[in-house]
J.: 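Dumping the structure here so I can ask a few things about it.
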Amino acid sequence: MITKAEHQSRESDNKPAPRKVLYLHLSPGKGEDIAALLEDWLVVRVNSVQEARAAVYDCKFQVALVRFDELDQEQRLAFEQLVEEAPPINWIALVESEKVDKGALSQLIHDYFFDYYTLPLGDKGRYLSATLGHAYGLGQLRDLEYEQRRYREECQMVGASPAIMLVFSQIRKVAGVDATVLITGSSGTGKELIARAIHQRSRRQMGPFVALNCGALPENLVQAELFGHEKGAFTGAHCRKIGRIEAAMGGTLFLDEIGDLPLPLQVNLLRFLQEETIERVGGTETLYIDARVIAATHRDLKEEVKDGGFREDLYYRLNVLSIEVPDLKEREGDIELLANFFFRKFTEGQHHKVRGFSRKAIAAMNQHDWPGNVRELINRVRKAIVMTENRLITAADLGLESPEASRTLPTLEQARDQAEVQAIKRGLLHAHNNVSSAARLLGVSRMTLYRLMEKHQLLDSKKE
């Protein structure tokens with residue numbers, strides 16, 4: 001039989017540990033007994049910014065209370081530095097009601113605090129406990145989201161638009177097949193990130209990922225970089241050097257800007273793809289290399305083949321599996337996701353006062369055409385974080401005019417054309433570029449869809 005005392009003891013043992021709140025008391029005098037008001041909380045009281053700094057690094061807090069009247073310049077700067085350097089905490093201010101409207105104090109609360117309460121608390125004590133609970137829960141969600149985001153944002157592959165979700169699906173499919181992949185898309189769309197994602201999800205993930213930009217090296221050096229060389233093979237070859245292909249043994253070789261590979265070297269690469277063997281420059285030994293090749297280009301290789309700038313046989317060897325990366329402007333809804341991701345990436349662990357983007361900045365980014373794609377977005381966000389004097393990044397900080405200032409009202413014909421183009425692109429995307437299927441999805445005949453595609457210059461080699 002369990003006695004009442006034993007039952008109460010067991011209940012006590014099963015109770016969750018009390019939630020902790022840091023209480024920074026910066027006012028003269030004793031002040032209110034916060035611990036008595038917050039019976040369900042473990043209140044850790046400190047009486048200086050220095051003590052608070054030690055406490056937040058010694059113990060994890062989701063919420064903190066700060067009691068102050070007026071702070072001199074030195075105290076204010078010390079507190080601001082504490083908030084900016086400490087781990088993320090939701091701060092709540094306790095301040096005399098007649099002092100809330102004072103300019104400096106009001107600005108401090110606006111810039112750094114989750115909420116505030118006026119003193120004396122009186123009956124507001126129960127509301128304070130509820131606010132602390134809300135802030136505490138948000139802090140836990142923030143930590144959970146951070147951990148989930150670290151998992152989701154592997155390789156910075158961020159997005160939720162239909163266009164990028166199709167790319168994610170293709171990555172998963174091609175990762176399981178050990179064949180060459182050709183990634184096409186405009187400059188700055190993240191083709192190397194896609195190649196890395198394929199590598200990390202393939203059976204070769206434990207092997208090396210070796211990248212070479214075929215357009216970044218002089219023509220006379222590309223061969224030695226790709227295939228390596230023996231000692232004395234040419235002037236300056238003082239020792240043997242293995243090439244990128246050999247270095248990728250057991251892993252993945254990523255050839256960026258493959259369209260810039262000189263014609264004389266294309267035949268050498270073709271031989272490697274066919275026979276999986278190479279010879280170093282100046283050498284006679286034939287080496288077997290087990291490496292998967294992923295190539296990428298912003299060029300239209302079909303046109304390059306027609307013009308004689310790219311070997312047709314090499315094109316078909318590379319284009320066994322293919323992924324087309326959409327431009328940023330085609331990724332509806334992803335611009336804000338990416339901007340926030342890179343904002344967190346560039347400010348995490350840094351001492352920045354900037355808190356995020358203003359609504360007008362988000363609107364301006366969504367209006368921008370992004371000719372430089374994700375690379376341009378990264379550059380604008382990084383520059384804005386460094387240069388802004390504001391708490392929130394503005395459109396001007398990003399070097400973008402606000403939509404209200406730059407947007408002109410389109411004509412009805414222009415608006416109709418824009419809607420048609422967007423609908424056709426979405427239809428083709430969902431139909432995997434099959435014109436007949438896209439026409440059915442859009443509720444028009446195949447000939448009507450062809451006519452509209454021709455009108456808007458969207459015709460290429462779509463599937464029937």
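Computed from a predicted model, the values in this text were never measured in an experiment.
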J.: Within a radius of less than 6.0 Å around OH of Tyr112, do more than 12 heavy atoms belonging to other residues, nucleotides or ligands occur?
T.: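 Yes, the 6.0 Å shell around OH holds more than 12 heavy atoms from other groups.
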J.: For the residue pair His456 and Ile424, establish whether any side-chain heavy-atom pair is separated by less than 4.5 Å.
T.: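 Result yes, sub-4.5 Å side-chain heavy-atom pair found.
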J.: Looking at Ile393, is its backbone amide N or carbonyl O close enough to the side chain of Asn390 to form a donor-acceptor pair, meaning the two atoms are under 3.5 Å apart?
T.: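 No, Asn390 side chain to Ile393 backbone: no donor-acceptor pair under 3.5 Å.
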J.: Can you name the one residue among Asp256, Leu261, Thr297 that meets side chain to side chain contact (heavy atoms under 4.5 Å, CB included) with Cys214?
T.: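 The side chain to side chain contact (heavy atoms under 4.5 Å, CB included) with Cys214 is passed solely by Leu261 among Asp256, Leu261, Thr297.
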J.: Would a distance-only check, ignoring hydrogens and angles, find a side-chain to backbone donor-acceptor pair under 3.5 Å from Thr189 to Gly185?
T.: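 Absent.
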J.: Identify whether the distance between the nearest side-chain nitrogen and carboxylate oxygen of Asp260 and Arg299 falls below 4.0 Å.
T.: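 Yes, charged N to carboxylate O under 4.0 Å.
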J.: Charged N to carboxylate O below 4.0 Å: is that the case for Arg203 and Asp178?
T.: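 A salt bridge is present here (some side-chain N lies under 4.0 Å from a carboxylate O).
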J.: So which atom in Phe343 and which in Gly356 form the shortest heavy-atom distance, rounded to 0.1 Å?
T.: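 Reported closest heavy-atom pair: CZ-N, 3.4 Å.
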J.: How far apart are the C-alpha atoms of Arg375 and Arg380, what are their side-chain angles, what is the distance that settles it, and do they pass the side chain to side chain contact (heavy atoms under 4.5 Å, CB included) test?
T.: CA-CA 9 Å; Arg375 186 180 295 126; Arg380 288 186 183 273; over 6 Å; no
J.: Would you check if the side chain of Arg292 reaches a backbone N or O of Ala179 as a donor-acceptor pair within less than 3.5 Å?
T.: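 Yes, because the side chain of Arg292 sits within donor-acceptor range (under 3.5 Å) of the backbone of Ala179.
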J.: Considering all heavy atoms of both residues, which atom of Gly159 and which atom of Ile164 are nearest to each other, and what is their separation?
T.: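 It is C-CG2, 3.6 Å.
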J.: Return the set of residues passing side chain to side chain contact (heavy atoms under 4.5 Å, CB included) with Leu429 (not counting sequence neighbours), or none when no residue passes.
T.: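 In terms of side chain to side chain contact (heavy atoms under 4.5 Å, CB included), with neighbours along the sequence ignored, Leu429 is linked to Pro162, Ala163, Leu166.
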J.: Give the intermediate values and the outcome of side chain to side chain contact (heavy atoms under 4.5 Å, CB included) for residues Leu398 and Met365.
T.: CA-CA 8 Å; Leu398 292 163; Met365 287 191 286; 3.7 Å; yes
J.: Is the backbone N or O of Thr394 less than 3.5 Å from a side-chain atom of Asp397, with the two atoms forming a donor-acceptor pair by type?
T.: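 At least one qualifying donor-acceptor pair exists.
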J.: Do Glu51 and Asn47 have side-chain N/O donor and acceptor atoms under 3.5 Å apart?
T.: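 Asn47 and Glu51 do not have a side-chain donor-acceptor pair below 3.5 Å.
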J.: Please give me the minimum heavy-atom distance between Ala247 and Pro208, naming the atom from each residue.
T.: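 What the structure gives for the nearest pair is O-CG, 3.3 Å.
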J.: Where do Ala55 and Leu22 come nearest, in terms of heavy atoms and distance?
T.: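 Heavy atoms of Ala55 and Leu22 come nearest at CB-CD1, 3.9 Å.
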J.: As an exercise, state the distance from CG of Leu452 to CG of Leu458, rounded to the nearest 0.5 Å.
T.: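 Between Leu452 CG and Leu458 CG, I get 9.5 Å after rounding to 0.5 Å.
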J.: Determine whether a donor-acceptor pair (N or O, by modelled atom type, separation under 3.5 Å) exists between the side chain of Arg244 and the backbone of Ala211.
T.: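 Checked: pair present.
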J.: Are Tyr23 and His25 an aromatic pair by the rule of ring centers under 6.0 Å?
T.: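 Yes, they do, as the ring centres are separated by less than 6.0 Å.
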J.: Measuring only between side-chain heavy atoms, which start at C-beta, is Leu108 closer than 4.5 Å to Phe113?
T.: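 A side-chain contact exists here, since the closest heavy-atom pair is under 4.5 Å.
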J.: Please evaluate residues His199 and Gln205 with respect to the criterion side chain to side chain donor-acceptor pair (under 3.5 Å), reporting the C-alpha separation (whole Å), side-chain torsions for both, the decisive distance (0.1 Å), and the verdict.
T.: CA-CA 6 Å; His199 170 74; Gln205 60 182 296; over 6 Å; no
J.: Ala195: which residues meet the side chain to side chain contact (heavy atoms under 4.5 Å, CB included) condition with it, sequence neighbours left out?
T.: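 With sequence neighbours excluded, Ala195 shows a side chain to side chain contact (heavy atoms under 4.5 Å, CB included) to Ile183, Phe209, Phe254, Ile294, given in chain and number order.
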J.: Mind checking side chain to side chain contact (heavy atoms under 4.5 Å, CB included) for Glu336 and listing every partner two or more places apart, or none if nothing turns up?
T.: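 With sequence neighbours excluded, Glu336 shows a side chain to side chain contact (heavy atoms under 4.5 Å, CB included) to Asn340, Ile362, given in chain and number order.
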J.: Can you check whether Val320 reaches Val181 side chain to side chain, under 4.5 Å on heavy atoms?
T.: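 Side chain of Val320 against side chain of Val181, heavy atoms only: no contact under 4.5 Å found.
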J.: Around atom OH of Tyr127, are there more than 12 heavy atoms of other residues, nucleotides or ligands at under 6.0 Å?
T.: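 Incorrect, the count does not exceed 12.
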J.: Which atoms form the tightest heavy-atom contact between Val63 and Leu132, and what is the distance?
T.: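 Closest heavy-atom pair between Val63 and Leu132: CG1-O, 3.7 Å.
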J.: Can you tell me if Arg19 uses its side chain to pair, donor with acceptor, with the backbone of Trp41 under 3.5 Å?
T.: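 Flag not set: sc Arg19 to bb Trp41 has no pair under 3.5 Å.
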J.: From Lys241 NZ over to Glu246 CD, what is the distance, rounded to the nearest 0.5 angstrom?
T.: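 One gets 12.0 Å once the value is rounded to the nearest 0.5 Å.
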J.: Drop me the distance from Leu119's CG to Phe68's CZ, to the nearest 0.5 angstrom.
T.: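 Result: 10.0 Å between the selected atoms.
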J.: Is there side-chain contact between Leu253 and Leu255, with at least one heavy-atom pair below 4.5 Å?
T.: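 Yes. Closest side-chain heavy atoms under 4.5 Å.
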J.: May I ask you to test the Thr131-Tyr117 pair for a side-chain heavy-atom distance under 4.5 Å?
T.: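 Counting from C-beta outward, Thr131 and Tyr117 do come under 4.5 Å.
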J.: Which residues satisfy the side-chain hydrogen bond (donor to acceptor under 3.5 Å, both in side chains) test with Asp327, sequence neighbours excluded?
T.: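 For Asp327 the side-chain hydrogen bond (donor to acceptor under 3.5 Å, both in side chains) partners, ignoring immediate neighbours, are Ser186.
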J.: Using a strict 4.0 Å threshold on nitrogen-to-oxygen distance, state whether Lys425 and Glu420 make a salt bridge.
T.: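 Not counted as a salt bridge, because no side-chain N and carboxylate O are separated by less than 4.0 Å.
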J.: Determine, for Asp369 against Lys329, whether the closest basic-nitrogen to carboxylate-oxygen distance falls under 4.0 angstrom.
T.: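 Salt bridge: no.
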J.: What's the verdict on side chain to side chain contact (heavy atoms under 4.5 Å, CB included) for Phe272 and Leu226, showing C-alpha distance, side-chain angles and the deciding distance?
T.: CA-CA 11 Å; Phe272 164 64; Leu226 264 178; over 6 Å; no
J.: If I take atom NE2 from residue His298 and atom OG1 from residue Thr184, how far apart are they, to the nearest 0.5 angstrom?
T.: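 Answer rounded to 0.5 Å: 12.0 Å.
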J.: Please lay out, stage by stage, how Phe357 and Phe341 fare under the test ring-ring contact (aromatic ring centres under 6.0 Å, His included).
T.: CA-CA 12 Å; Phe357 300 93; Phe341 165 65; over 10 Å; no
J.: To the nearest 0.5 Å, tell me how far Ile335 CD1 sits from Gln367 CD.
T.: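 Taking CD1 in Ile335 and CD in Gln367, the distance rounds to 9.5 Å.
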J.: Between Lys191 and Glu324 (salt bridge meaning N to carboxylate O under 4.0 Å), is one present in this structure?
T.: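 Here Lys191 does not pair with Glu324 in a salt bridge, since their nearest N and O are not under 4.0 Å apart.
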J.: Take Phe79 and Trp91, measure what ring-ring contact (aromatic ring centres under 6.0 Å, His included) needs, and give me the verdict at the end.
T.: CA-CA 11 Å; Phe79 175 74; Trp91 298 82; 5.5 Å; yes
J.: About how many Å separate OG of Ser48 and CG of Leu24, when rounded to the nearest 0.5 Å?
T.: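 Atom-to-atom, Leu24:CG and Ser48:OG are 7.5 Å apart.
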J.: Treating Asp334 as the side-chain partner and Ser161 as the backbone partner, does any N or O pair qualify as donor plus acceptor under 3.5 Å?
T.: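 Indeed, once roles are kept as given, a pair shorter than 3.5 Å links the two residues.
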J.: Would Ile89 and Val83 count as a side chain to side chain contact (heavy atoms under 4.5 Å, CB included) here? Give the steps.
T.: CA-CA 8 Å; Ile89 297 174; Val83 176; over 6 Å; no
J.: Side chains of Pro87 and Phe61, heavy atoms from C-beta outward: is any pair under 4.5 Å?
T.: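 In short, these two side chains do not touch, never coming nearer than 4.5 Å.
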J.: Listed by chain and number, what are the side-chain hydrogen bond (donor to acceptor under 3.5 Å, both in side chains) partners of Asn373, not counting sequence neighbours?
T.: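 By the side-chain hydrogen bond (donor to acceptor under 3.5 Å, both in side chains) rule, Asn373 matches no residue at all.
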J.: Quick one: are Ile194 and Ile323 in side-chain contact, heavy atoms under 4.5 Å?
T.: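 Side chain of Ile194 against side chain of Ile323, heavy atoms only: contact under 4.5 Å found.
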J.: Using atom types as modelled and distance alone, determine if a side-chain donor or acceptor of Arg382 lies under 3.5 Å from a backbone N or O of Ile378.
T.: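 Such a contact is absent between Arg382 side chain and Ile378 backbone.
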J.: Got a sec, which residues hit side chain to side chain contact (heavy atoms under 4.5 Å, CB included) with Ala423, two or more places apart in sequence or on another chain?
T.: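 Once residues adjacent in sequence are excluded, the partners of Ala423 under the side chain to side chain contact (heavy atoms under 4.5 Å, CB included) criterion are Leu442.
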J.: Check whether any side-chain heavy atom of Leu65 lies under 4.5 Å from a side-chain heavy atom of Leu128, and answer yes or no.
T.: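 Leu65 reaches Leu128 side chain to side chain.
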J.: Between Leu338 and Arg331, which heavy-atom pair has the shortest distance, and what is it?
T.: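 Closest approach of Leu338 to Arg331: CD1-NH2, 3.7 Å.
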J.: Angle between ring planes, Phe342 versus Phe346, binned at 30° and 60°: parallel, tilted or perpendicular?
T.: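 The rings of Phe342 and Phe346 lie parallel, inter-plane angle below 30°.
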